[in-house]
Amino acid sequence: MKRLFPDYTYGAGPRQNCWWDDTISAPDWPVLSGDKSVDVAIIGGGFTGLSAALHLAEAGTTVAVLEAGTPGWGASGRNGGFCCLGGSKLSQAAMVRRYGAEAAASYEQVEIDAVQLVEDLLEQHGIDADTHSKGETQLAHSARAMEHLRRSAGTSGTLHEARDLPGLGLGGAFHGAYTNPVGFALNPRKYLFGLAKAAQSLGASVYQKTTAEQIAKTQSGFEVRTGSGRLRAGKVLICTNGYSSEDVPQWMSGRYMPAQSTVLVTRPLSDAELQAQGWTSDQMSYDTRNLLHYFRLMPDRRFLFGMRGGLRSSPGSEAAIRKTAQRDFHTMFPQWKAVEVTHMWSGMVCMSRKLTPYVGHVPNNPGMFAAFAYHGNGVAMGTYCGRALAQMVRGREAELPLPITQAPPRFPLGGWRRVLMPPAYAAMAIADRLSL
């Protein structure tokens with residue numbers, strides 16, 4: 001395998017001390033050993049891969065999921081747990097200019113449908129994932145940002161002026177907010193394990209610590225070679241997202257861009273501490289910065305706070321980004337400076353050059369499909385795209401809009417494309433400061 005980041009990125013270091021690991025124990029999944037044959041091989045045991053496995057198994061298709069770590073080891077098991085609208089980094093206006101009004105509207109509906117799909121799966125399979133929050137609230141970090149919220153506010157949501165926020169339990173130095181009614185928060189690890197259990201109950205095989213090292217074409221389909229066995233399948237799904245390899249398959253090279261996100265969780269807060277800061281809402285929220293912060297008060301009264309921004313991956317850079325995250329948390333919620341942060345970790349979100357997800361065929365590889373690039377919103381969109389892959393594999397119409405089915409071009413500079421990120425992040429940081 002050929003990875004874009006140093007080995008440290010794909011080891012235990014960034015994930016160490018992840019809160020979700022303390023909330024539910026991982027099942028003891030087997031390691032693939034020897035030879036096995038199935039209809040469909042799925043590489044990647046996150047939301048996309050397990051959603052695809054579940055929907056294929058429901059249709060009677062034999063399927064095996066290969067995960068290099070343990071299911072949920074990547075972004076699916078270490079994200080902020082926001083099941084919300086998103087998946088693209090294109091503005092609505094940019095989406096319309098590039099794809100047309102009809103395609104943009106169709107993509108917008110997919111975002112809504114993706115959230116509903118997660119809700120349906122939770123109910124259908126009896127998955128208790130500690131859900132809470134009615135929609136999602138975006139908080140203006142500046143007066144200029146609030147003006148933009150006023151201009152862009154949709155009719156389906158609610159605009160809040162700064163004077164309204166204390167009464168909503170959204171205390172802080174914010175200039176107003178907008179609440180979209182679609183979405184909810186959850187424990188991503190509990191949700192993921194629920195998907196895995198449901199898929200297994202229908203006959204799907206899930207393997208841990210089984211790295212797909214090579215995919216070879218055969219007369220009848222594919223052979224996926226691992227360190228401990230071989231998996232033969234008629235079709236293959238690539239569901240590795242930000243933890244992809246540049247050469248499994250070769251087509252992935254240069255088409256995805258991992259970017260770091262860092263999360264912290266505090267000890268449970270007392271009622272007095274919540275009142276002191278004025279934050280008593282369980283609404284999942286994020287701010288209007290380009291390099292955004294996202295946060296929520298969880299059912300056990302712990303506070304989760306995350307941010308974008310880490311560009312390098314090493315023990316030293318990990319320590320630095322964790323320090324920055326804690327600094328930003330204390331700046332935004334000053335009354336909690338003395339509150340102990342008990343857990344902190346990092347993971348990789350995934351972007352594409354076209355700034356929208358991709359679901360479809362891997363060109364020049366009949367029978368191979370891929371889905372990736374959810375731009376930090378993979379709970380809902382990854383689940384939805386996994387189902388779409390299952391439909392495609394079975395020859396069914398997935399009814400995806402053009403922004404999702406258009407294959408992403410390669411980033412410039414190939415294996416050196418990470419050097420594009422520092423100037424891009426610097427520009428976003430400057431824009432955030434200029435908007436104050």
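All of these numbers come straight from a predicted model, not from anything done at the bench.
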Exercise for the section: Show the numbers, then the answer: is there a side chain to side chain contact (heavy atoms under 4.5 Å, CB included) between Val359 and Leu389? Expected result: CA-CA 7 Å; Val359 180; Leu389 284 176; 3.8 Å; yes
Problem - Close aromatic pair by centroid cut-off 6.0 Å: Trp29 and Phe193 - result: yes
Handout entry: Atom of Val362, atom of Pro249 and distance for their closest heavy-atom approach
Key = CG1-CG, 4.4 Å
Fill in the blank from the handout: Between Ile42 and Cys239 the two heavy atoms that sit nearest each other are CG2-SG, 3.9 Å
Practice task
Could you tell me the separation between the SG atom of Cys350 and the CZ atom of Arg255, rounded to the nearest 0.5 Å?
Solution key: 13.0 Å
Exercise for the section: Measure the spacing between SG of Cys385 and CD1 of Ile404 and express it to the nearest 0.5 Å. Expected result: 5.0 Å
Problem - Ser313 and Tyr10: side chain donor to acceptor below 3.5 Å - result: no
Handout entry: Glu399 and Arg387 ion-paired at < 4.0 Å
Key = no
Practice task
Would you tell me whether Arg296 and His132 have side-chain atoms, one donor and one acceptor, within less than 3.5 Å of each other?
Solution key: yes
Practice task
Identify whether the distance between the nearest side-chain nitrogen and carboxylate oxygen of Arg230 and Asp35 falls below 4.0 Å.
Solution key: yes
Handout entry: Side chains of His141 and Asp287, donor plus acceptor under 3.5 Å
Key = no
Problem - side-chain hydrogen bond (donor to acceptor under 3.5 Å, both in side chains) assessment of Arg308 paired with Ser261 - result: CA-CA 5 Å; Arg308 303 281 192 262; Ser261 193; 2.8 Å; yes
Exercise for the section: Determine whether more than 12 heavy atoms belonging to other residues, nucleotides or ligands lie under 6.0 Å from atom NZ of Lys2. Expected result: no
Exercise for the section: Using a strict cut-off of less than 4.0 Å between a Lys/Arg side-chain nitrogen and an Asp/Glu carboxylate oxygen, indicate whether Asp39 and Lys235 qualify as a salt bridge. Expected result: no
Problem - Full working for ring pair (Phe, Tyr, Trp, His ring centres under 6.0 Å) between Tyr294 and Phe82 - result: CA-CA 9 Å; Tyr294 50 95; Phe82 284 48; 5.7 Å; yes
Exercise for the section: Check the angle between the aromatic planes of Phe305 and Phe295 and answer parallel, tilted or perpendicular using the 30° and 60° thresholds. Expected result: parallel
Exercise for the section: Verify whether one side chain among Lys354 and Thr356 offers a donor that lies under 3.5 Å from an acceptor in the other. Expected result: yes
Exercise for the section: Would you please name every residue forming a ring-ring contact (aromatic ring centres under 6.0 Å, His included) with Tyr256, sequence neighbours left out? Expected result: none
Problem - Donor-acceptor side-chain pairing of Thr179 and His160 below 3.5 angstrom - result: yes
Problem - Ring center gap for Phe333 and Phe303 short of 6.0 angstrom - result: yes
Completion exercise
In this structure, CZ of Arg189 is separated from CG of Asp22 (nearest 0.5 Å) by 8.5 Å
Handout entry: Residue list, side chain to side chain contact (heavy atoms under 4.5 Å, CB included) with Glu102, at least two apart or on another chain
Key = none
Practice task
Would you give the length of the straight line joining atom CG of Leu54 to atom CG of Leu195, rounded to the nearest 0.5 angstrom?
Solution key: 6.5 Å
Problem - Short N-O contact, Glu147 and Arg150, less than 4.0 angstrom - result: yes
Handout entry: Separation between OG of Ser281 and NZ of Lys134, rounded to the nearest 0.5 Å
Key = 10.5 Å
Practice task
Take Ser346 and Glu318 through the side-chain hydrogen bond (donor to acceptor under 3.5 Å, both in side chains) test and state the conclusion after the steps.
Solution key: CA-CA 8 Å; Ser346 298; Glu318 181 66 26; 2.7 Å; yes
Practice task
Check Asp247, Thr240, Asn241 against Ser244 for a side-chain hydrogen bond (donor to acceptor under 3.5 Å, both in side chains) and give me the one that passes.
Solution key: Thr240
Practice task
Using the test ring-ring contact (aromatic ring centres under 6.0 Å, His included), find all partners of Tyr384 that sit at least two apart in sequence or belong to another chain.
Solution key: none
Handout entry: Donor-acceptor under 3.5 Å (Thr61 side chain, Ala57 main chain)
Key = no
Handout entry: Side-chain donor-acceptor pair present, Thr48, Tyr374, cut-off under 3.5 Å
Key = yes
Exercise for the section: Nearest 0.5 Å please: distance from the OG1 atom of Thr9 over to the CZ atom of Arg15. Expected result: 14.5 Å
Exercise for the section: Kindly indicate whether the side chain of Thr137, heavy atoms from C-beta on, has any atom under 4.5 Å from the side chain of Met284. Expected result: no
Exercise for the section: For Thr262 and Ile321, indicate whether the former's side chain and the latter's backbone hold a donor-acceptor pair under 3.5 Å. Expected result: no
